[in-house]
Amino acid sequence: MGDDIETPLLKNELTETGHHTQTYRPRVGIIGTGNYALALMKRLTAVAGCDVIIGSRMPELRRGTFSGIGDCFCGVELASIRECIRGSDIVIIAIHREYFSVTLQDVAELLAGKLVVDVSNRETRKVGQSNAEYLASILPEASVVKAFNSVSAFAMEDISESGSSSAVYVAGNDPAARQKVIHLAHAMGFRTVNLGLLHSARWMEDDLLSVFSLWQIPVALATGIFLLSCLFVAYIYFIDRPKPAYSWEQIFMKVSNKPVCMTAIAMMALTYLPGQLASILQIYNGTKHRRFPKFLDTWLKIRKQLGLVSFFLVTLHAIMSVLMISPTYYSSWFHKPTVTIPANATLTSDLVLKLSKQWMNWKGEAACALGILGFALMAVVALTSIRSVGDSLNWSEWRSVQSNLGFVVLAVSAAHATVMGAPGWRKRGFPKVFMSITFLSVLLPYLVLALKIAFSLPPLSGYLRKIRHGWEREGARYGPIDKGNNCGRNRQTKRTGIFNTGSNSMENKTAVVQVEAPLGPDNQDYSGINLHKDCTCAEQTKPQGTFPQCDCSSL
């Protein structure tokens with residue numbers, strides 16, 4: 001048993017089509033002795049069962065460093081760079097870009113015809129040529145493939161995890177070389193995504209340098225709505241009345257809770273609204289093949305982040321409300337039991353005394369019940385946005401939670417606000433009702449729900465379904481690109497969920513709202529990965545199983 005642990009065997013693996021392949025056990029060379037090289041070596045030997053050769057400019061000096069680590073290096077050989085290249089089927093370059101030329105130019109002839117894998121990353125974005133393309137220029141006779149740069153050294157070294165939660169992107173000009181690297185990554189326990197030709201490495205390297213790129217717009221939008229809500233609350237409770245409704249001591253909880261809840265329900269409605277706008281455009285255009293406007297396309301891609309920001313604000317609102325629930329803060333939620341002392345010789349009129357013991361009326365009970373229900377259901381929707389949870393659901397389950405349950409959450413949240421504010425709306429009348437926080441808060445959610453109902457009922461439901469299945473109305477409206485070269489007709493539609501951005505190319509689940517995205521011949525979805533600009537159909541080629549490519553010299 002102990003020998004089996006020290007010398008792991010590579011089991012037969014499954015391809016993406018589900019068929020068994022023969023055991024693929026290459027001899028892997030790693031040029032470099034840094035932390036990432038050691039992490040690669042550990043996973044290759046312990047998980048993939050490969051024999052590894054470490055190539056170093058000073059192998060004898062590094063031998064003492066390796067012996068001091070204390071890990072078992074079964075099946076690992078430390079050699080010079082030339083010996084490493086000669087004895088390896090695959091050579092992984094685990095050094096920084098600035099050392100590519102110094103280290104590899106003298107051994108370029110040895111790497112001719114070899115499969116070379118670049119795992120490096122850059123320190124700045126949008127520099128034009130990727131590290132992998134630069135490496136290919138140094139090694140023109142080698143088959144250079146970009147891979148593993150999205151996996152950190154910590155995740156690579158942690159063999160207690162299968163690695164399935166980390167996606168390995170693979171790009172290279174040689175399809176056979178790409179496929180070998182994909183097999184190797186599968187053997188190491190990773191999921192893979194084939195991004196096609198080597199210039200896709202530009203996106204692979206740029207993406208890792210972006211800092212919360214999909215969160216910037218949702219956070220900025222939530223901040224803007226919150227500040228506007230604060231101004232509105234300050235106006236109606238402190239400015240537009242002779243005496244402030246609250247003291248300054250209540251600003252921290254009672255007053256601030258109002259703009260928090262307004263922002264939360266607005267962000268929730270904005271999460272679902274772009275899908276309805278997409279439906280309107282598809283009906284108006286009479287086809288699904290016309291691209292959405294850029295703003296809507298971006299909006300569709302950040303829905304997951306919008307929903308999670310909304311969930312954060314809803315959680316904050318729920319905590320603040322629970323801490324303040326009392327007859328003092330929410331007087332309209334509670335009965336007001338009293339004792340009346342009749343008029344007598346001492347009292348000229350009846351004396352009404354309020355009792356301290358009070359219980360909720362129908363308004364308080366209903367508002368609490370709807371609030372708790374909405375929060376619990378929203379937590380379920382947010383939970384399925386976690387990749388590991390979402391991956392455990394099949395398509396129907398994921399769609400039911402992300403789409404159907406998501407709209408239920410919006411409806412329950414709107415009902416919660418309606419129960420709280422409806423009695424006051426009637427008293428205010430028109431147009432003073434627009435000075436009500438609850439009334440303004442439910443306008444957008446009810447608009448989204450009305451559009452959802454309209455598109456779910458005949459005749460619009462059937463008409464929209466026909467369009468999404470490829471039917472086109474006579475005289476359908478196409479964009480300028482579609483008219484010029486018919487690129488739009490080569491695009492298929494991905495349906496994405498409510499808390500799903502639609503830009504995540506790894507998602508296997510689909511739901512109701514539609515985002516147009518290119519699909520490769522292998523049906524692998526690459527939506528949201530905007531690798532190319534200024535492309536025309538004449539420049540595009542579609543290698544088997546890859547993203548449609550084009551000349552990106554202008555990128």
Over 12 non-hydrogen atoms of neighbours within 6.0 angstrom of [atom1] in [X]:
X: Arg426; atom1: CZ; answer: no
X: Glu98; atom1: CD; answer: yes
X: Tyr235; atom1: OH; answer: no

What is the distance from atom [atom1] of [X] to atom [atom2] of [Y], rounded to the nearest 0.5 Å?
X: Tyr272; Y: Leu449; atom1: OH; atom2: CG; value: 9.5 Å
X: Asn149; Y: Asn131; atom1: CG; atom2: CG; value: 9.0 Å
X: Leu370; Y: His416; atom1: CG; atom2: NE2; value: 7.5 Å
X: Met267; Y: Leu444; atom1: CE; atom2: CG; value: 11.5 Å
X: Leu306; Y: Leu221; atom1: CG; atom2: CG; value: 6.5 Å
X: Met268; Y: Leu410; atom1: CE; atom2: CG; value: 6.5 Å

Does [X] pair with [Y] as a salt bridge, N-O distance under 4.0 Å?
X: Arg43; Y: Asp158; value: no
X: Lys301; Y: Asp297; value: yes
X: Glu205; Y: Lys146; value: yes

Worksheet item: Passes side chain to side chain contact (heavy atoms under 4.5 Å, CB included), Ile217 versus Gln305? Steps please.
Response: CA-CA 9 Å; Ile217 294 177; Gln305 286 71 25; over 6 Å; no
Quick check against the 3.5 Å criterion: does [X] have a side-chain atom that pairs as donor or acceptor with the backbone of [Y]?
X: Trp425; Y: Gly421; value: yes
X: Ser150; Y: Ala167; value: yes
X: Ser310; Y: Ala264; value: yes
X: Arg178; Y: Gly172; value: yes
X: Gln402; Y: Arg399; value: no
X: Asn194; Y: Gly196; value: yes
X: Glu397; Y: Asn394; value: yes
X: Arg473; Y: Ile283; value: yes
X: Asp207; Y: Trp203; value: no
X: Ser436; Y: Lys432; value: no

Over all heavy atoms of both residues, which pair between [X] and [Y] is shortest? Give the atoms and the distance, please.
X: Ser413; Y: Ile265; answer: O-CD1, 3.9 Å
X: Tyr36; Y: Val151; answer: OH-O, 2.9 Å
X: Trp398; Y: Thr384; answer: NE1-O, 4.1 Å
X: Leu198; Y: Ala171; answer: CD1-O, 3.6 Å
X: Cys368; Y: Ile325; answer: SG-CD1, 4.1 Å
X: Ala201; Y: Ser130; answer: CB-OG, 3.6 Å

Determine whether [X] and [Y] make a side-chain contact, defined as any pair of heavy atoms from C-beta on separated by less than 4.5 Å.
X: Val181; Y: Val117; answer: yes
X: Phe226; Y: Met262; answer: no
X: Phe455; Y: Ile280; answer: yes
X: Val409; Y: Val381; answer: yes
X: Gln282; Y: Thr287; answer: no
X: Ser461; Y: Arg465; answer: no

Worksheet item: With no hydrogens and no angle check, do the side chains of His186 and Thr192 hold a donor and an acceptor under 3.5 Å apart?
Response: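 Checked: His186/Thr192 side chains pair up, N/O donor to acceptor below 3.5 Å.
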Item to complete: Establish, from distance only, whether the side-chain atoms of Tyr329 and Ser321 form a donor-acceptor pair under 3.5 Å.
Response: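 Ser321 and Tyr329 do not have a side-chain donor-acceptor pair below 3.5 Å.
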Discussion item. Could you walk me through whether Arg191 and Val168 satisfy the side chain to side chain contact (heavy atoms under 4.5 Å, CB included) test, starting with their C-alpha distance in whole Å, then the side-chain angles of each, then the deciding distance to 0.1 Å, before giving a yes or no?
Written reply: CA-CA 6 Å; Arg191 295 181 299 108; Val168 171; over 6 Å; no
Worksheet item: Where do Leu209 and Asn121 land on the side chain to side chain contact (heavy atoms under 4.5 Å, CB included) test, with the steps shown first?
Response: CA-CA 9 Å; Leu209 295 174; Asn121 281 307; over 6 Å; no
Discussion item. Please report whether the ring centroid of Tyr463 lies less than 6.0 Å from that of Trp471.
Written reply: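 That pair passes the under 6.0 Å test.
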Worksheet item: Regarding Lys254 and the six-membered ring of Tyr330, is the cationic atom NZ or CZ under 6.0 Å from the ring centre and inside 45° of its axis?
Response: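 Checked: cation-pi criterion met.
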Worksheet entry | Parallel, tilted or perpendicular, as decided by the 30° and 60° cut-offs, for the rings of Phe311 and Phe375 |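 Aromatic pair Phe375/Phe311 classed parallel.
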Discussion item. Parallel, tilted or perpendicular: which one describes the rings of Trp299 and Phe295, with boundaries at 30° and 60°?
Written reply: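 Tilted.
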Worksheet entry | Evaluation steps, side chain to side chain contact (heavy atoms under 4.5 Å, CB included), between Asp118 and Phe148 | CA-CA 8 Å; Asp118 173 35; Phe148 300 110; over 6 Å; no
